[in-house]
Structure formats: C-alpha cells, structure tokens
Amino acid sequence: MMTSENKTLKSGNPGVQAENMIFKVFRNFGDPSFVMERSGKILECNRSLAALFGRTVEETLNVNMYEIMPPEMGEVRKVHAEKVFTTGERLFFEDEHLGRYFRHSVYPVSGEDGNVYCIFIVAQDITDLKKAENELKMVEKTAKNRKIFSDALIEAIPGAFYMFDALGLFVIWNDYERDVVVGKPDSEMPSSAAIDTIHPDDRLLVEKLMATVLADGGEKTLEARVMIHGGPGFRWFQISGKRIIIDEIPFIIGIGIDIDDRKNADITTLRKSEERFRKLFDENSLINLLLDPETGKIMDANRAAADFYGWSIGELRNSCMNEINLLAEKESRVVFNKARSGEKKVFRCRHRTADKTSRDVEVHTNILDIDGLELLHLSLYDITERLLAEEKLKKLSIAIEQGPNVVMITDPAGNIEYTNPMFTRVTGYTFEEVEGKNPRILQSGMTQEEVYERLWKTIRSGTLWHGEFQNRKKNGELYWENAFIAPLRNNIGAITNFVSVKEDITEKKKLWTELVAAKEKAEESDQLKTAFLANMSHEIRTPMNGIMGLTELLKEPDLSETEQQEYIDLIQQSGERMMALINDLLDISLLDAKKTTLNIAETSVNAILQKLNAFFLPQARMKMLDLYLYAGLADEESIILTDARKLEQIVTNLVQNALKFTSHGYIDFGYRKTQGNLEFYVADTGIGISSEIKDRIFERFMQADNSLSRNQEGAGLGLSIVKGFVELLGGDIHVESNEKRGSRFIFTLPYKRPLHETARADAIQANK
C-alpha cells in the first residue's frame, strides 16, 4: 500500500501505472481499510475509514489511530495489532463503534527481511448481520415447536441463510441461498446436501467445521469457496455455523456473506511481489500451468502439475500444450482463443500423461499480465474418477428409472422411501402419494395373511423372498405382480432398507387363463372347425391342383429350361397363394373365436404409413402406377394408442387390393383428423365395385370382380379381416366406388393420445 509520499518516490518505477490503479481501487473500496505502523500511525487509508471518524483522507493520514478512538477501544485494538506484529499471522476480530458492529481482518505486511513492518486492516460493517443473528436467536427461543423462523426475518438477512440437519440436507433456506447459491427449486432443496455447494478443495475444511459445531454447539466461522449453481463458477463466502436443538434433534444454522470482491481485493493487494506469487503458484495443491496463449508453449508448471503428468517441471517447461492435450489442433486453437478473449473460462479436456494414459480434466483459465507479458493461467482439476462414477450412477439410475419392473425401497419398518416411474404406471399412485406410507395400501384382501407373515419373517432374517401378490390399484382395479424382496445391509451388517423388484403379470395370468379356456373350447368345437375347413376345400384345392399338375409336367424329359422355369414360378405362385390363404384363415378363426389379442401401445401412424409407402412403391412402379401418401398430422401429433400391427395389416390389405385391381392411374392413401377420430382412406383408379355387390364387399369370399378372382388370386377374405380388425380397434369402415372409376375405402380409428402427451398438450394450451 502506498502513501502520497511514496507514490512520488516511485514515480520513475515502470510499474507505477499498475500501482496507481491499485491505489485508486483501495481509496474507493467500500469497507473501511487502512495501513498502520506498530506505533499506531496511519500510513494509508481509504475514504470509508476517514468518513467513519468525520475526517478527510488527508486529515487522517499520519494520525495515531489509538488517539482518535475511545481509549478503552484503543487498548483492545492495540492488543490485537500487537499480536499480529508479534506472530506474523493474520487475525480476525469483531467490535462495536458508534453503534455499528465491525468484523476486522488484520493482515501482516512483511519486508524482505521477513519482519512485519506494518499491518493492513479491513473493517467490514456487519451491523445488519448482527441484528439478524440476534433476532434469529430470539425466534429460536420463542418458536421451538412451530415454524422456527419467520420468512420475513430470513429474507431480511443480507446474504445466504441456511439450516440443515445432521445429515447435511437443507431444512430451511432463504431466497438468496436457493436462487443465488444453489440454483434449484424449492421442491429439490430438501434432497440437496449443503456440502455440495462447497468447492471440492474446501469441503474437508467445512466438514470439519460442521462436525465441530455439532459436537460442541459453539458458533464457528470460516472463509470458503462456494460453487454457484453447482459450479464450475464459484465465489468466496464467509460462512458461519451454529448448532440448535429442536425436539432433541440437532440442526445447524448459519449465514453466508459474499466476500468475493473483498477477497479478490485482498489477494491483489497482498500479492505484490513475484516471490509471493511464485510461492502461491508452486505450493498450490491444484495443477497450475502458465502458457503462451499464442503458441501454447508451457512457460511454467508447479509441483502438482509435475506429479499429475509424470514429467518433471523442467520437462514440462520444454513442452507444448498440444503434446499434452488430446484435442485436435484446430479445436485446440478454438479453445485457446475463447480462453484468451474471456468468452469462456472453464473447459473439459482429456490430457495425456507420461505413462501414456489419459485423464479427464476440468480447466479453469485466466489471463495474467506479468511484467507486460500476457500469459494464460490454467488451474486443472482431475475429474476422471468423478466422470466414471457419474457415468456408472447415470447408467444405474436409467436402468431403475426406465426399467420395465416396479422398484420400491422402504425403511426397516416398511415405510416407502422410493418408487420408480413404473410404480406409478402400474398402480396409479404417484411417489408423493405413497412416500412414508406402508405398502399395505396396495393390499386387495385377496392374499392370505400367512403370506405376509412368511414374507416379513424371511426378509428380516436377511434372506431373499419371492412370491406373487394380487394387489389393488388406486382406481380399484385388481392386478397380479411377481415380487422379489431383499434386505439391504450397511457396512456393519445391520439392515437399513428393503428393496423390492416387481413385475406386473396380470396379462400373463389372463393369457394363461384364456389359453386354457381356448384349449377347452377348441376341443369342444372340433366338429365346427371340421365343417368350416370343409367349406374352404375349394380354395385350398385350386392352388394344390396347380402345384400337383405342374409337378407332373416337370417330370417330362424333353422340357426346355424356359418351360421348367415357367412351371417353377407357377408352383411358387401357387404356394404363396396357399400361404396367404392359410394366414387369412388363421386371422378369421381368431376373429370368430374372439381370441384376437390387441397390443395397445404408443404407435406412430406416420411411421407406419411411411414404411408401407416405401414397401409398395416398387410394386406400383412395376405397374406404371403413381403412389401418393398424405399424412394429416405432424410426426409428434400422429402418436396414438392402438395396435400397431393390426393397423399396419389393415392398410396393407387395402393397398394390396388397390394394386391388384388397378392397371393404370394412381393409388392414394393417408389420413386426416376429424372430430376426435383419425379418418384413413385408400383410393385407386381401378376397376371399381358394382352397386350390386358393394354392400357385400366385406363378406367372406367376395371380390369386386369374381370373374378376375382366379387371375388375381385370393379367397376374398382380406376385406373381411380388415373389417374385423377395424371394429376390434373401435372404428368402422365403408367403401365409396363407381364401377370402372375406381374405389375409395374409408375407415376410422379413435384418436387416443398417450397420457403424457395429453398432459403436455394441456400444459402448452394453458400457457397460451
């Protein structure tokens, strides 16, 4: 710190401009600050200090501090100052002057011989903070069993207020702690740990403070770096902690005051010499590098860097950053430019070490001006293990959150502590509705009490239990689940939780029951099936006769190769006709027996139609036909709840029919949304349907032109199957046609959106 006199003495120094800048910052610094000799003589002070005593800076310089303050206060402060001069260690203390409370930070300033020749003192006005702390103490005494602290009082604190339990989880906080420091909504604050807001390098120190406060109950204060919104940016805070007991449960309350500006000013003021910077640089536990921002050459490295990379400091000084950084040269240059311009100060990179391994690092950058030379300062954190742990945790979380099974965790008493989203989808209960409750809320009364007794006896003995429950959903619907329940133990073997993994087997149970019933019904209706198959003998015999006859012809010894290939192709066509007929018969049988199962799921209508368009396009081109597709909704809006396979089969049968009976023109298919339904259509310019049979076109064995049925193949079952599937999916179908002018088949399906899509659409509509 310079006085007016020594500024003049140093006017010829090359660094006078920087000194004058520091001097201006000091003079205008908000908190009272001054430099004092051992005798009490004020060598330098700022305007805030002079104003505190009703003086100007010039009137305050060279005055003895102990003579302008009350004698009793002067004696106390003289003791504190003498302690700093004697020990050479910085000191913090608080006192009161003219009704204002101050927290004093006293720093020794040593000469080249190592002796303290003056001290630098910053007085922070903490009057409001003291008042707030006193008011909080009064509230603590008078409101022990109810709402502990008034929101108005907490929000009046000039900084962050926090209260957390013995596990370090937030219990109470003010807006400053939530919005400025943590950056999370109120709903997430109770599950957030206070220690996570502390910079990794300061966490051990803060954890020790918390442990001490919980042990002895005394109030403790320290300075630490606080990660803003989880990092990587941070600011210096002066944080306090004090234990309070509520209903015999210990909590820690405290206040955090942002001292980042003061801290940075302190650091700037105290680091006057290259020797001090060198000590800070070399002994820093962080990996520190100084680079030439133009070339990337490493100008300097500290011991932590040498230990991390495995090269000596000398070897690092002879290296270039491109030899360490695994980024491509072009990408590396972009990073350097952003760091140099200040556009970005934190980067994640992958660096090579001497043993040819690679490590993930988080790099914090800053531009330094050292003797007129611009250097890029890097502080690096090894985050390799953290990223691996995060990746493992992410995979585990995804597996549980997105898994097909219900996962539930309870405490030893059986109270629910966690459920995954599948629990809500199966039971209808949200986690908030069941948190802290016993799983017995799912019981239907259909499971015998002995089952639950055996369950608890098994898991409390530390053994895995497996069994089935018939439980009840929130809406009253019964369902079956197959459950595995296992105890979780801590490192001393005590059971801390129970975890259950359950599978909804309602459909499996239902399917098994239906299969048994179907088997019985099939055995009882064997005679009916025989009669049905007899009616199909003509359709089966036709391609079979073709296959048999052509097979006989292939035995002729004088057949040409062309004739053989022609007969083989005809046999293949007859076989394909047989297979299509068999598939149609199976579908008809299932529809008749009402055993056709629906797999209702989220289905993209656009995706199905685009797939079919691509499939049929080559066939259309072979017949010189144009094929058009019209999708009436955007891809996201086309997602509905239906049976995707049935929808695809419906459209496939209709387009195949159109291709079969259209020899020129075009085929057009698609859909549009109308009055809560999706209206699908398949139109063609084919032979059309006569008015006599249009009303019977969906009957079995009926085709638009029976005279062509043999040439076009098919037993006339396709449209009957289409009608059955459409009605099964909750729609209806009809045809519009004029003979020789083409046909237009139209069917509808309910426009049922997935629940989460409906909720999102409602939310968007509500925000408009």
Side-chain angles (χ1 to χ4, degrees), residues 584 587-588 591 596 598 600 603-613 615-617 619-620 625-634 637-663 665-700 702-705 712 714 716-753:
D584 286 347
D587 286 334
I588 286 293
L591 284 169
T596 303
L598 292 179
I600 302 300
T603 301
S604 172
V605 175
N606 285 2
I608 289 177
L609 296 189
Q610 289 163 4
K611 170 185 172 184
L612 294 178
N613 184 65
F615 176 80
F616 286 116
L617 188 59
Q619 301 178 41
L625 299 175
D626 292 325
L627 183 64
Y628 303 109
L629 167 63
Y630 173 74
L633 294 174
E637 295 176 334
S638 77
I639 298 175
I640 64 173
L641 292 175
T642 190
D643 187 320
R645 182 178 175 278
K646 297 293 187 297
L647 174 58
E648 182 175 345
Q649 191 168 348
I650 291 168
V651 179
T652 297
N653 284 358
L654 292 176
V655 175
Q656 281 179 338
N657 273 359
L659 283 168
K660 184 187 300 183
F661 295 104
T662 304
S663 58
Y666 67 87
I667 295 170
D668 181 17
F669 70 107
Y671 73 96
R672 59 180 56 84
K673 182 174 179 290
T674 58
Q675 299 179 347
N677 292 320
L678 293 185
E679 184 181 89
F680 294 82
Y681 68 90
V682 177
D684 61 61
T685 56
I687 64 174
I689 305 171
S690 65
S691 58
E692 291 82 11
I693 66 171
K694 186 165 63 174
D695 294 335
R696 301 173 56 207
I697 194 67
F698 295 104
E699 295 179 8
R700 296 173 190 177
M702 179 60 62
Q703 294 189 358
D705 186 351
Q712 302 295 341
L717 295 174
L719 291 179
S720 178
I721 293 171
V722 165
K723 185 175 187 295
F725 284 172
V726 169
E727 292 175 349
L728 201 60
L729 293 175
D732 57 68
I733 185 169
H734 67 278
V735 61
E736 300 171 355
S737 181
N738 292 312
E739 193 170 4
K740 297 182 181 180
R741 293 185 181 180
S743 303
R744 183 180 181 88
F745 287 84
I746 302 169
F747 70 95
T748 61
L749 291 182
Y751 184 58
K752 294 181 179 179
R753 299 279 283 151

For residues 740-747, run the donor-acceptor check on the side chains, cut-off 3.5 Å, and write out each pair with its distance to 0.1 Å, sequence neighbours left out.
residue : atom : partner : partner atom : Å
Ser743  : OG   : Ser737  : OG           : 2.9

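- With sequence neighbours excluded, no residue forms a side-chain hydrogen bond (donor to acceptor under 3.5 Å, both in side chains) with Gln610.
- Taking CG of Leu728 as the reference point, atom CG of Leu598 lies at 4.0 Å (rounded to 0.5 Å).
- To the nearest 0.5 angstrom, Lys611 atom NZ is 10.5 Å from Phe616 atom CZ.
- Among all heavy-atom pairs drawn from Val726 and Leu749, the shortest one is O-CD2, 4.3 Å.
- Within the structure, the salt bridge (Lys or Arg N to Asp or Glu O under 4.0 Å) test picks out the following pairs touching residues 670-689 (sequence neighbours left out): Arg672-Glu679.
- The shortest side-chain heavy-atom distance between Leu719 and Val735 does not fall under the 4.5 Å cut-off.
- For the pair Phe680 and Ile733, the minimum side-chain heavy-atom distance is 4.5 Å or more.
- Taking both residues in full, the closest heavy atoms of Ser638 and Arg753 are given as N-NH1, 4.4 Å, listed atom of the first, atom of the second, then distance.
- Applying the side-chain hydrogen bond (donor to acceptor under 3.5 Å, both in side chains) test to Tyr681 and every residue at least two apart in sequence or in another chain returns Asp668.
- Ile721 has its side chain within reach of Gln649: a pair of non-hydrogen atoms, C-beta onward, lies under 4.5 Å apart.
- Taken to the nearest 0.5 Å, the NZ atom of Lys752 stands 8.0 Å off from the OG1 atom of Thr642.
- With 3.5 Å as the limit, one finds a donor-acceptor pair spanning the side chains of Tyr671 and Asn606.
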**Report entry** Verdict with reasoning, Phe669 to Leu627, per side-chain contact (heavy atoms from CB on, under 4.5 Å)
**Finding:** CA-CA 8 Å; Phe669 70 107; Leu627 183 64; 3.9 Å; yes
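- Atoms OH and OG1, from Tyr751 and Thr748 in turn, are 15.0 Å apart once rounded to the nearest 0.5 Å.
- Partners of Lys723 by side-chain hydrogen bond (donor to acceptor under 3.5 Å, both in side chains), not counting sequence neighbours, listed by chain and number: Glu727.
- The salt bridge (Lys or Arg N to Asp or Glu O under 4.0 Å) contacts involving residues 649-658 comprise nothing, where partners must be two or more places apart or lie in separate chains.
- Screening Val682, Asn653, Asn657 for a side-chain contact (heavy atoms from CB on, under 4.5 Å) involving Val722 leaves a single residue, Asn653.
- The CD1 atom of Ile667 sits 9.0 Å away from the CD atom of Gln619 when rounded to the nearest 0.5 Å.
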Requested in this report: Would you sort out whether Leu729 and Ile650 count as a side-chain contact (heavy atoms from CB on, under 4.5 Å), showing the intermediate values?
Outcome: CA-CA 11 Å; Leu729 293 175; Ile650 291 168; 4.1 Å; yes
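- Using a 4.5 Å heavy-atom threshold, the side chains of Ile608 and Val651 count as separate.
- For the atom pair OG1 (Thr652) and CG (Leu647), the distance works out to 9.0 Å, reported to the nearest 0.5 Å.
- One N or O on the side chain of Thr685 and one on the backbone of Tyr666 form a donor-acceptor pair closer than 3.5 Å.
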